[in-house]
Number of protein chains: 2
Amino acid sequence: MTDTAPRPTLEAVAARAGVSRATVSRVVNGSHGVRERLAERVRRAVEELGYVPNQAARSLVTKRHDAIAVIVAEPETRVFADPFFARQLRGISKELTAHDNQLVLLLTEDRDDHVRVGRYVAGGHVDGALVFSLHIDDPLPELIRQAGLPTVYGGRPDFSGGQGGVVYVDSDNRGGARDAVRHLLGLGRSRIAHITGALDQTAAVDRLDGFRDVMADADPRLVVEGDFTPASGERAMRELLDRCPSLDAVFAGNDLMAAGALRVLREHGRRVPDDVAVVGFDDMLPIAEQTDPPLTTVRQDIEEMGRLMARLLLRDLDGTGTPPEAAGAGSDGLILPTTLIRRASA
Amino acid sequence: MTDTAPRPTLEAVAARAGVSRATVSRVVNGSHGVRERLAERVRRAVEELGYVPNQAARSLVTKRHDAIAVIVAEPETRVFADPFFARQLRGISKELTAHDNQLVLLLTEDRDDHVRVGRYVAGGHVDGALVFSLHIDDPLPELIRQAGLPTVYGGRPDFSGGQGGVVYVDSDNRGGARDAVRHLLGLGRSRIAHITGALDQTAAVDRLDGFRDVMADADPRLVVEGDFTPASGERAMRELLDRCPSLDAVFAGNDLMAAGALRVLREHGRRVPDDVAVVGFDDMLPIAEQTDPPLTTVRQDIEEMGRLMARLLLRDLDGTGTPPEAAGAGSDGLILPTTLIRRASA
DNA sequence: GTCACGGGCGAGAGCGCTCTCGGATCACGT
DNA sequence: ACGTGATCCGAGAGCGCTCTCGCCCGTGAC
């Protein structure tokens, strides 16, 4: 192990440049009011000594940490079944590093974790939080709210957020669902079924709402609840086939369930898309492309979602005024558009 | 927005408990030598005031940050195509939070990012690093080495690491590959082909080596290089079919390529596993289960890998002595076993 | 030539914590 | 009753930085 060479301090740089600490600080932090000649000398000293500011010391006085927490409250399933998570992180990471902020990742599984995380964020170690909390009984949002930490949610939260409203970024689940169903209608299908996601997640609810927007008078038996897993897609498909053998299209709440449905349809000798057209949601790669036939689906721009969340939060942090709640009226949702990707299944 | 109530300081707790700062510090940090009566008073004061230590102030003097960096140097592809990344993170996260360490995530794409990351870790903001750097020309390891930061690598690095050796955790790629090929042999197959991963990654090389361990005298035309993507699996499979129409088994370097191969085989009217048996690697869910037929593959315990990396690093950090390089002899690789998962494809 | 003014710079306090050191306290043996 | 450790606790310095304050010097107006 390289003997931890004591890192040079501001003091050292100041000595070398023949100026005071204050001046070095000014130069390092890009403030004005330092004559160019001096500034140059300081910069050279910084360079020569390989000076890097001690973040802890700085935070101690500025009360800023240039760090934000990304909290993912996911009991295993969803996060690991698909690459969404990684994509969002990528978007967030890009935006944060572009603004010299650190990303502190907090993964939680159970309520104990939540309390721990709550304490952590309340401890003022980070300047803000980005939260992915998709389940309905989650105590975390309340903990964070109490801590008064600037926060942006990923996906529409299931709670109203009290007085101020809640800032969040989401895909246009409802609109995307409408597009999917209209596409099916456009194909001349009329008996369109829907396999929903887990209805304790707002994304599933919103997609169902979108389905209903278009199919207001659909036979209620054409809607079956799944839980976003392939197995639930299979089960739901069997049930649908059993209830309404005459159906000619299925809109699944995500690609995984669509893949399950596809298998059951093939098993029952229904040709896709000839007999039954199938549309998924997410455009989860590589699943959507690998199914047989490749899946027509609704794509959301995951990475952009992450970016946007970060941008929103940073804007809030920078702008000394206007907390995000006050910026707009009530609950501030930013909804990103979706696009229908046409492949072979519908 | 909750008016940021000034958080209570040690001083405040001390005043309330009627003791000195030093005593409060002792109690908070669980040190001994404080009479129970006093300690109890302090704990109550902490509770009442909702005191949380200021990490910045603490770090300033202890020079510990209780934070480790997780650096993922991935040009897009692999990280996002599969959930490995998330799984490893989960493992790491569990282990770190169990020891009250923070996880600072650094995602990098290009060389500029690497320099930035290098500066960051050199800046002494974290106590150690966990690095996933799979590509061969990566400048990052060298930067980190120069910074003298305790580091554990995920996956066997492609460099020797100079004097000390390098600590890493990896799956038994070579052994897993051997198992896969032996399984195929056990099925009575003899003309076994291999589709390799991108050979600038050690995992691909090791799997190829495993293949060769068993098939030392195989026709060299039975080995085709892919790059871990489904498309490359398709291409490679076509080439193999073209070169050696008589092949009766394929061992693919990962599940994605196996899925591609499966499609091409079907397209060519070869039945799996009757005509051609196929084995993948990774047991990447849900892909491996969703192929037709479901994929026989080599599973690695990804989450455990993450855990282990974290544990190794923490042990190094805690034990004031023995840097990991010195702990064993030379390059310290910890190799995790793999298991063959039998499904329908072989 | 004098005075007011303003911009550039340094002195110094202080952020909240840890940790060393020495003083107080207490139990015990003599 | 007094010395002797051992134990417990507080005073105070200092970690590396930022930021206010005021000094100094240069400039322009008179």
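Residue numbers begin at 1 in each chain, while the letters A, B, ... track the order of the sequences. Note: hydrogens, waters and symmetry copies are ignored here, and every other heavy atom, side chains too, is used.
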5'-most to 3'-most nt of DNA chain D touching chain A (<4.0 Å, heavy-atom partner on protein side) reads D:dG16 to D:dC19
Could you tell me whether [X] and [Y] have a side-chain N and a carboxylate O separated by less than 4.0 Å?
X      : Y      : value
A:R37  : A:E40  : no
A:E303 : A:R307 : yes
B:R145 : B:E142 : yes
B:E48  : B:R44  : yes

- prompt: Is the number of heavy atoms from other residues, nucleotides or ligands within 6.0 Å of CD (A:E36) greater than 12?
  reply: yes
The helix from C:dG1-D:dC30 to C:dT30-D:dA1: angle between terminal helix axes, five bp per end, to the nearest 10 degrees, reads 50°
Evaluate the side-chain proximity of [Y] to [X]: yes if any heavy-atom separation is below 4.5 Å, no if none is.
X      : Y      : answer
A:L96  : A:L314 : yes
B:Q102 : B:V126 : no
A:D170 : A:L336 : no

From CZ of A:R35 across to P of C:dG6 the rounded distance in Å is 17 Å
Rounded to the nearest 0.5 angstrom, the CG-CG distance for A:L103 and B:L106 is 8.0 Å
Practice task
Would you check if there is a donor-acceptor pair between the side chains of B:S59 and B:H65 at a distance under 3.5 Å?
Solution key: no
Here the residues of residues 40-68 of chain B within 4.0 Å heavy-atom distance, strictly under, of DNA chain D are B:L60, B:V61, B:K63
By nearest-nucleotide position on DNA chain C, the 5'-leaning member of B:L10 and A:S20 is A:S20
